[in-house]
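The structure under discussion appears below in the form of structure tokens.
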Protein chains: 2
Amino acid sequence: MAVTMNDVARAAGVSLKTVSNVLNDYEFIRPATKQRVQDAIAELGYEANLTARSLRSGKTRMLGLVLSDLSAPYYAELASRLMKAAAQRGYRVLVEQSDAVADVELNALQGPFRQLTDGLLFTPLIIDAEAIAARLGKKPLVMLGEHILDPRFDLVTMKNEEAAAALTAHLLAAGRRRVAVIGARPEESTGSPGLRLNGYRKALEQAGVPFDPALIAPCEWRRDNGAAAVAALLDRGVKFDAVFGLNDVLALGAMHELLIRGVRVPDEVAVAGFDDIDEARFASPSLTTVSPGMEEIAERSIALLLDRIEGQETNSQGVHVEAGFQLKIRESAP
Amino acid sequence: MAVTMNDVARAAGVSLKTVSNVLNDYEFIRPATKQRVQDAIAELGYEANLTARSLRSGKTRMLGLVLSDLSAPYYAELASRLMKAAAQRGYRVLVEQSDAVADVELNALQGPFRQLTDGLLFTPLIIDAEAIAARLGKKPLVMLGEHILDPRFDLVTMKNEEAAAALTAHLLAAGRRRVAVIGARPEESTGSPGLRLNGYRKALEQAGVPFDPALIAPCEWRRDNGAAAVAALLDRGVKFDAVFGLNDVLALGAMHELLIRGVRVPDEVAVAGFDDIDEARFASPSLTTVSPGMEEIAERSIALLLDRIEGQETNSQGVHVEAGFQLKIRESAP
DNA sequence: CCCATCTTCTGCAACGATGTATGCCAGGAA
DNA sequence: TTCCTGGCATACATCGTTGCAGAAGATGGG
């Protein structure tokens with residue numbers, strides 16, 4: 001049996017409640033008493049029972065993080081940073097992988113997962129704003145990413161459109177005229193794919209380069225899809241002098257396929273991505289991409305969520321945070 | 001306020017305990033009673049309070065996973081798989097990043113983290129078997145990786161030595177004679193670095209190739225270290241015709257540095273890694289490496305841990321599981 | 001010197017579930 | 001009829017903590 005507050009109280013010769021008061025930094029305790037309690041705690045090796053504390057207080061000091069797949073490098077890096085930011089403020093992060101399955105996303109909002117956490121960092125990929133609003137409990141929820149743009153929700157995001165435009169502009173400035181886009185979802189205008197595609201189109205327009213739908217390759221955001229999409233373009237005989245992978249793994253998959261087929265990067269085809277995962281710097285050739293301020297996203301989303309949880313932030317409208325971005329010009333698209 | 005078992009009991013016209021009995025599949029309940037309770041549960045939208053259940057039962061249905069850094073691709077993929085395997089059996093995984101800091105590893109063994117979980121999957125990097133044994137509570141602990149090989153502990157591992165030997169043999173069979181090793185920790189003979197280096201040495205011996213300490217480059221297991229280590233070798237004028245990165249990110253970092261400097265891979269220098277992370281297949285050139293059976297490691301470590309937790313496995317000695325491996329011969333070292 | 005206020009500490013109830021012990025009823029055995 | 005057994009439901013205590021209310025002693029102003 002573990003040591004309880006009762007044991008400590010007995011050892012220190014005070015009431016159980018006084019022990020509780022010492023632990024919770026209650027103001028009015030004589031230094032001598034406090035010392036005796038602390039000595040007893042140290043001597044017995046007492047550790048507070050978090051489960052009991054949670055039951056009583058209704059707080060778990062855990063944050064939920066819902067994302068599609070932790071093994072995707074961008075999410076892995078984000079999760080790692082979020083966990084560190086949370087740990088600094090005394091919280092833990094419990095991760096749930098949705099695999100982009102609607103049911104899992106829905107259950108994360110109201111099921112046991114929600115119960116275990118004081119607040120949620122949510123990256124919805126499938127379900128829409130109404131589904132979320134309908135299941136919105138009393139616990140704070142901060143959205144990550146840009147599938148949902150709704151004034152009701154708190155949101156921490158990146159400058160997708162601007163960044164994609166800047167990256168595309170860079171490709172065009174280098175003389176590229178036919179920039180293929182890998183990973184688009186043309187039917188959606190929101191979400192990272194939609195916004196990044198918008199940025200791309202705006203940059204084209206700005207430069208007076210016509211938009212060619214043949215250059216747009218829709219696919220899921222995985223490495224092998226990036227490779228397959230480029231293969232399909234080549235096989236179809238589509239001509240292009242640059243590839244914009246809507247995220248880094250797509251771009252890297254695409255680059256791999258190009259190199260396999262003897263297409264020189266960047267001489268014949270430039271390649272650019274989005275996310276600046278660690279791998280991008282060390283790819284061969286190294287990958288030109290957008291660094292979306294992940295550090296800032298992690299810090300600010302934790303800060304916002306904790307402000308909500310601890311009642312600092314009371315704006316009933318959603319707070320929207322946009323992190324800054326940086327172009328990382330590397331060998332694949334100088 | 002959330003719906004409690006009491007509310008359900010009232011609605012169904014039974015006692016609170018009967019509701020509990022229905023939820024826990026108690027044998028002797030009249031079908032009619034059971035039905036009434038279930039209807040009430042459905043109607044009120046009752047959900048069991050996991051915190052209360054944990055307090056009463058002493059179980060959390062969470063597993064702890066301690067690793068150094070979730071953003072490392074190997075760990076990210078492993079964590080993802082472990083979480084899926086756990087989810088299938090009704091458990092969640094709570095991750096703790098140790099950053100290879102001794103205090104964090106120690107606290108994971110006995111602090112609040114331990115309390116929150118029913119069992120631990122532990123990848124110790126710093127602390128030794130005695131430190132672990134001294135802090136071993138009653139809750140099950142399964143070690144992952146091979147820093148610790150101790151008959152007292154359960155352990156799920158990969159065939160480091162054999163696999164490294166097989167990989168090295170492959171390089172030698174292709175005619176390579178000076179194989180540099182990146183990421184060794186020559187002072188340690190246990191742990192992944194030590195075992196993999198052993199395998200390397202055995203393969204050399206087997207082939208009658210002399211061991212040259214000048215080819216051994218110690219460093220931390222990060223991409224940039226792999227690049228730096230190769231840079232240092234080249235700058236020192238050390239001659240080599242192959243590089244064995246003790247894990248994939250090291251090999252990829254090394255390969256990047258080689259290519260930057262105009263060294264052709266694999267023509268001049270072959271490169272091989274260890275782990276077979278997703279990225280290895282799509283690197284350019286694609287990376288020859290060892291697939292250490294991560295799927296199997298994930299499945300079996302969860303199975304073993306849950307057997308311990310649920311009392312199926314009662315062997316008081318540690319159970320040791322070794323997953324199989326597969327050589328993945330790709331372009332970087334055909 | 002008395003009452004009000006402040007400081008310090010205490011006891012009780014409650015958070016929401018489960019384990020143990022037990023009660024009650026029906027049916028079969030004695 | 002009486003006793004026993006098995007099926008079914010219940011009451012109470014309990015897990016370890018914190019909120020609330022209040023008691024007892026110290027302090028201070030008039």
Side-chain angles (χ1 to χ4, degrees), chain A residues 1-38 40-41 44-62 111-112 114-116 118 138-139 310-311, chain B residues 1-41 44-62 90 111-112 114-116 118 138-139 310-311:
Chain A
M1 272 300 132
V3 182
T4 74
M5 277 180 37
N6 231 319
D7 303 326
V8 174
R10 235 191 316 276
V14 297
S15 80
L16 184 154
K17 185 69 230 242
T18 299
V19 179
S20 169
N21 285 338
V22 169
L23 261 61
N24 292 286
D25 288 320
Y26 179 63
E27 195 180 354
F28 301 117
I29 304 179
R30 233 178 314 166
T33 312
K34 188 167 183 169
Q35 191 59 52
R36 246 181 323 133
V37 171
Q38 283 169 337
I41 287 175
L44 299 178
Y46 166 77
E47 282 196 333
N49 181 319
L50 300 182
T51 308
R53 185 173 280 175
S54 290
L55 174 60
R56 187 60 243 232
S57 69
K59 302 277 174 191
T60 62
R61 294 190 80 82
M62 288 210 286
R114 199 72 201 277
Q115 226 188 79
L116 288 169
D118 293 342
K138 268 151 305 200
K139 290 187 184 176
E310 290 162 4
Chain B
M1 271 303 129
V3 181
T4 74
M5 276 181 38
N6 231 319
D7 303 326
V8 175
R10 234 191 317 277
V14 296
S15 80
L16 183 152
K17 186 68 229 254
T18 298
V19 180
S20 168
N21 285 337
V22 170
L23 262 62
N24 293 284
D25 287 320
Y26 179 64
E27 196 181 352
F28 303 119
I29 303 180
R30 235 178 312 168
T33 312
K34 189 167 183 170
Q35 191 57 53
R36 248 183 319 136
V37 171
Q38 284 169 336
D39 290 349
I41 287 176
L44 299 177
Y46 167 78
E47 282 195 333
N49 180 318
L50 300 182
T51 308
R53 184 174 280 175
S54 290
L55 175 60
R56 187 62 242 230
S57 68
K59 302 277 175 190
T60 62
R61 294 190 82 80
M62 289 210 285
R114 199 70 200 277
Q115 227 187 78
L116 288 169
D118 293 342
K138 268 149 307 195
K139 289 187 185 175
E310 290 163 3

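Residue numbers begin at 1 in each chain, while the letters A, B, ... track the order of the sequences.
Within a 6.0 Å sphere centred on NZ of A:K139, heavy atoms belonging to other residues, nucleotides or ligands number more than 12.
Applying the side chain to side chain donor-acceptor pair (under 3.5 Å) test to pairs two or more places apart or on separate chains, those with a residue in residues 46-62 of chain A are A:T60-A:D118.
With rounding to whole Å, A:R10 atom CZ is found 13 Å from D:dG16 atom C1'. For A:E47 and D:dC15, the CD to P distance is 19 Å, given to the nearest whole Å. Atom CD of A:Q115 is separated from atom C1' of C:dG16 by 10 Å (rounded to the nearest Å). As rounded to whole Å, 17 Å separates atom C1' of D:dC8 from atom CD of B:Q35. The distance between atom NZ of A:K59 and atom P of D:dT18, rounded to the nearest whole Å, is 15 Å. Spacing between atom CZ of B:R61 and atom P of C:dA17 amounts to 16 Å, rounded to whole angstrom units. D:dT14 atom P lies 17 Å from atom CG of A:N49, rounded to whole Å. For B:N24 and C:dT20, the CG to C1' distance is 15 Å, given to the nearest whole Å.
Paired with A:V14 under the rule side-chain contact (heavy atoms from CB on, under 4.5 Å), one option of A:T33, A:N21, A:V8 passes, and it is A:T33.
With a 4.5 Å cut-off on side-chain heavy atoms, A:K34 and A:D25 count as touching. Using a 4.5 Å heavy-atom threshold, the side chains of B:I41 and B:V37 count as touching.
Summary of the strand contacts: B:L55 and A:V19 both lie near DNA chain D, and taking for each the nucleotide with the nearest heavy atom, the more 5' one is attributed to B:L55.
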Each nucleotide in nucleotides 6-13 of chain C should get exactly one letter: B, S or -. Can you fill that in based on protein heavy atoms under 4.0 Å? -SBBBB-B
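Ion pairing between B:D39 and B:R36 fails under the 4.0 Å rule for side-chain N and carboxylate O.
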